[in-house]
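What follows is a short report on a single structure.
Below, each value reflects all heavy atoms present in this structure, side chains not excepted, and no hydrogens, waters or symmetry copies. Remember, it's a predicted structure, so these values are computed and weren't measured experimentally.
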Amino acid sequence: MAQQDTDQQHAGVLPVDDEGFVIDTEDVEERETAWRERGTSQPITVVGNPVLHKECKDVTEFGEELQQLVADMFASQHTAEGVGLAANQIGVDLKVFVYDCPDDDGVRHVGVVCNPKLVDLPADRRRLDDSNEGCLSVPTAYAPLARPDYAEVTGQDEKGNPIKVRGTGYFARCLQHETDHLYGYLYIDRLSKRERKDALRQMAENEPRYPVVAND
């Protein structure tokens with residue numbers, strides 16, 4: 001499928017495939033760099049910070065303030081060497097996440113989703129993958145967590161246009177993980193009590209490799 005013209009892409013509208021899903025695999029280096037260079041890296045909030053443990057507010061304004069937030073999020077994600085980042089992970093109470101994430105085939109996906117909602121998939125499309133999962137807000141800790149290896153998210157792009165995003169494997173995990181954040185859930189909330197305790201122990205015993213916001 002042909003790319004949309006430059007003006008449309010500059011407006012934040014990614015091209016879509018025949019099924020209406022965004023094509024987020026083109027010009028990834030240029031798009032990520034353009035966002036990141038406009039932004040200022042912020043420290044990451046960690047488990048225990050109240051902003052991480054409640055549902056965020058819907059994005060209703062798609063102006064310059066949101067564009068700057070997205071740029072700051074890309075910059076922060078890059079500093080922390082993450083593959084996805086939700087706004088509340090830099091202390092902002094809004095439903096928006098960014099991603100720069102490979103799928104299991106090594107294809108890089110870069111994009112922005114506001115007001116995301118996970119599509120409820122039929123049982124025959126829910127093959128579980130129990131790979132390890134980590135989170136920038138639970139630094140240095142990892143635990144296996146079963147999630148579907150395919151995910152679809154609906155929402156809006158940074159200009160307010162309706163979008164659909166889909167992913168497989170590691171990227172599917174990222175879409176689910178980041179959407180969870182915006183509804184007040186960390187991945188450790190989906191673990192057993194023993195596994196959650198172990199993850200928090202890992203976090204306590206190691207130093208994060210990026211700036212974090214200390215909890216009071």
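Atoms CG and CG, on L186 and N49 in that order, are 10.0 Å from each other to the nearest 0.5 Å. Between H177 atom NE2 and R173 atom CZ the span is 10.0 Å, to the nearest 0.5 Å. Rounding to the nearest 0.5 Å gives a distance of 9.0 Å between CE of M73 and CG of L94.
No more than 12 heavy-atom neighbours from other residues, nucleotides or ligands sit within 6.0 angstrom of OH on Y185. Applying the 6.0 Å contact sphere to NZ of K57 captures no more than 12 heavy atoms from other residues, nucleotides or ligands.
In this structure, E133 does not pair ionically with R190, as no charged nitrogen and carboxylate oxygen lie closer than 4.0 Å. Between D130 and R147 there is no salt bridge, since none of the side-chain N atoms of the basic residue sits less than 4.0 Å from a carboxylate O of the acidic one. A salt bridge links R166 with E19: the distance from a Lys NZ or Arg NE/NH1/NH2 to an Asp or Glu carboxylate oxygen falls below 4.0 Å. In this structure, R38 pairs ionically with E64, as a charged nitrogen and a carboxylate oxygen lie closer than 4.0 Å.
The side-chain hydrogen bond (donor to acceptor under 3.5 Å, both in side chains) test applied to D24 returns Y99, H109, not counting sequence neighbours. Among residues two or more places apart in sequence or in another chain, the side-chain hydrogen bond (donor to acceptor under 3.5 Å, both in side chains) test is passed with Q202 by D198. Not counting sequence neighbours, E65 has no partner by the side-chain hydrogen bond (donor to acceptor under 3.5 Å, both in side chains) test. Every residue two or more places apart in sequence or in another chain that forms a salt bridge (Lys or Arg N to Asp or Glu O under 4.0 Å) with D120 is listed here: R126.
Using a 4.5 Å cut-off on side-chain heavy atoms (C-beta onward), Q89 and L52 make contact. Taking 4.5 Å as the limit, every side-chain heavy atom of P116 sits out of range of all side-chain heavy atoms of E178. Between Y150 and L121 there is a side-chain heavy-atom pair separated by less than 4.5 Å. Side-chain contact between T79 and P211 is present, with heavy atoms from C-beta onward closer than 4.5 Å. You'll find the side chain of L66 reaches within 4.5 Å of the side chain of C114, heavy atoms only. A 4.5 Å side-chain heavy-atom check between V28 and R31 finds at least one atom pair inside the cut-off.
With hydrogens and angles ignored, the 3.5 Å screen pairs a side-chain donor or acceptor of Q176 with a backbone N or O of P148. Using a distance-only test at 3.5 Å, with no hydrogens or angles considered, a donor-acceptor pair links the side chain of D157 to the main chain of G160. With D17 contributing its side chain and G20 its backbone, the two residues share a donor-acceptor pair below 3.5 Å. Judged by distance alone, with hydrogens and angles left aside, the side-chain atoms of Q67 form a donor-acceptor pair with the main-chain N or O of E158 at under 3.5 Å. With Q42 contributing its side chain and T40 its backbone, the two residues share a donor-acceptor pair below 3.5 Å. The backbone N or O of R108 sits nowhere less than 3.5 Å from a side-chain atom of T25 that would complete a donor-acceptor pair. N88 places no side-chain N or O within 3.5 Å of a backbone atom of V92 that could act as its donor or acceptor partner.
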Residue pair Q156, V59: steps toward the side chain to side chain contact (heavy atoms under 4.5 Å, CB included) verdict: CA-CA 9 Å; Q156 294 164 280; V59 176; 5.9 Å; no
Begin with the C-alpha distance, continue with both residues' side-chain angles, and end with the deciding distance and a verdict on side chain to side chain contact (heavy atoms under 4.5 Å, CB included) for T179 and V153. CA-CA 8 Å; T179 301; V153 170; 4.0 Å; yes
Is there a side chain to side chain contact (heavy atoms under 4.5 Å, CB included) between F21 and V165? Walk through the geometry before answering. CA-CA 5 Å; F21 291 93; V165 185; 5.7 Å; no
Should I163 and T154 be marked as a side chain to side chain contact (heavy atoms under 4.5 Å, CB included) after you check the CA-CA gap, both sets of side-chain angles, and the distance that decides it? CA-CA 6 Å; I163 55 170; T154 62; over 6 Å; no
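For L85 against S76, the heavy-atom pair with the smallest separation is CD2-CB, 3.9 Å. D93 and E55 get closest at one heavy-atom pair: OD1-O, 4.1 Å. Closest of all the heavy-atom pairs between P139 and V46 is CD-CG1, 3.9 Å. Minimum interatomic distance between P144 and N132 (heavy atoms only, all atoms of both residues): N-OD1, 3.2 Å.
Pairs engaging residues 203-215 under the side-chain hydrogen bond (donor to acceptor under 3.5 Å, both in side chains) rule: R201-E205 [sequence neighbours left out].
Side chains of Q68 and D72: a donor-acceptor N/O pair is present below 3.5 angstrom, by distance only. E195 and S192 are linked by a side-chain donor-acceptor pair at a separation below 3.5 angstrom, with hydrogens and angles left out of the test.
Connectivity analysis of hydrophobic side chains (ILVMFWY, heavy atoms under 4.5 Å, direct or indirect) links V83 to Y170.
For the pair K159 and F62, the cation does not sit on the ring face, since its NZ or CZ is not both under 6.0 Å from the ring centre and inside 45° of the axis.
Partner D129 forms a side chain to side chain contact (heavy atoms under 4.5 Å, CB included) with one of L145, T168, D149 and no other, that one being D149.
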